[in-house]
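Take a look at the structure set out below.
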Amino acid sequence: MQTIIPDLFDPPAIPWNEPIGDASLLLHGFVLAQEEALLAALRGVIAEAPFRKMQTPGGRPMSVATTSCGRLGWMTDRRGYRYVTGDPLRGQAPWPVMPPLLADLAGQAAALAGFPAFCPDSCLINRYVPGAKMSLHQDKDEADFSQPIVSVSLGLPAVFQFGGLARSDTPQRYLLTHGDVVVWGGPDRLRFHGVLPVRPGEHPRMGAQRINLTFRVAG
DNA sequence: CAGTTCCG
DNA sequence: CCGC
């Protein structure tokens, strides 16, 4: 005889929104309804501009692999962090066009969080294999901090750290799973944030990786 | 000399 | 370490 125990601790099946920081929002499952179209668009971008490992100004390789789409792409090398219009890996070729579906989803998420008319000109795409992480940092290479940041999580889960305006502020931790979107802006725009090392695992749709899309108005 | 999406 |  076996006892059936309900999965009381499974995440909710329907999307729900969670306030974070002072004026920001974690939208659980927001992109799931468009999952296949989103992944098809992402596949096209990666086929044109493949992932590559970049180096921090200190000369160390980042644990994530990176590419971009949109008019501007974020990059880092020994000379520092910056946005560029040409892909250094492909002879300064323009970055792939940002698929309209991606820009639309980011705009809709931003609007729900209270940031209407968000028109990103850059989408940074980071691939995390197990063990990859992102140390606490601020997104401050953009021209206009009145515009929010919109982050889409795909694949393996990760713990997102959302801190304060000083590096020393203890961050809050949020679990981000496949389909989640985080929007932060306004008074939260320059909060330190990061991702703890991704744990080994297998996602049924994405395999052994996490991919994060970060939409910005960079220029 | 400062900053650091890095490390210990 | 590098660019200011």
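In what follows, chains carry the letters A, B, and so on, assigned in the order in which the sequence lines appear, proteins first and then strands, with residues in each chain numbered from 1.
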Looking at the side chain of A:K133, which of B:dC7, C:dC2, B:dT5 is the nearest nucleotide? B:dC7

Just the rounded figure in Å: distance from P of C:dC4 to CZ of A:R82. 11 Å

Quick one: does NZ or CZ of A:R189 land under 6.0 Å from the six-membered ring centre of A:F145, within 45 degrees of the ring axis? no

Expressed in angstrom and rounded to an integer, what is the separation of A:Y81 atom OH from C:dC1 atom P? 16 Å

Could you check whether A:R78 and A:Q55, counting side-chain N and O atoms only, form a donor-acceptor pair closer than 3.5 Å? yes

For a quick check of understanding: with a heavy-atom distance under 4.0 Å over all strands, which category does A:T56 fall into, base, sugar-phosphate or nothing? sugar-phosphate

How far, in whole Å, is B:dC6 from B:dA2 if one measures between their C1' atoms? 16 Å

Could you tell me how far B:dC7 sits from B:dG3 if I compare only their C1' atoms? Round to whole Å. 15 Å

Looking at DNA chain C, which of residues 134-168 of chain A put a heavy atom within less than 4.0 Å of it? none

A:L176 and A:V31: same hydrophobic cluster, using ILVMFWY side-chain contacts below 4.5 Å? no

Is the backbone of A:P187 close enough, under 3.5 Å, to the side chain of A:D22 for a donor and an acceptor to pair up by distance? no

Closer than 3.5 angstrom, by distance alone: can the side chain of A:T67 be matched with the main-chain N or O of A:A49 as a donor-acceptor pair? yes

Under the side-chain contact (heavy atoms from CB on, under 4.5 Å) rule, what do A:M206 and A:L156 come out as? Steps first, then yes or no, please. CA-CA 8 Å; A:M206 302 294 292; A:L156 291 177; over 6 Å; no

Would you kindly compare A:P57 and A:S63 by the position of their nearest DNA chain B nucleotide and give the one closer to the 5′ end? A:P57

Please list every stem that involves DNA chain C, where a stem is a run of 3 or more consecutive Watson-Crick or G-U wobble pairs with both pairing distances under 3.5 Å. none

Compare the minimum distances between each of B:dC7, C:dC2, B:dT4 and the side chain of A:R79, then state the nucleotide with the smallest one. C:dC2

A:R199 CZ: over 12 foreign heavy atoms closer than 6.0 Å: no

Nearest heavy-atom pair of A:G179 and A:L32: which atoms, and what distance? CA-CD2, 3.9 Å

Using whole Å, report how far CG of A:L196 lies from P of B:dC6. 13 Å

Rounded to whole Å, CZ of A:R191 lies from P of B:dT5 at a distance of 19 Å

For B:dG8 versus B:dT4, give the span between their C1' atoms, rounded off to a whole number of Å. 15 Å

Please report the distance, rounded to the nearest Å, between CH2 in A:W74 and P in B:dT5. 8 Å

Of all heavy-atom pairs linking A:N212 and A:V152, the shortest is OD1-O, 3.1 Å

Per A:R78 side chain, nearest of listed nucleotides B:dC7, C:dC2, B:dT4: C:dC2

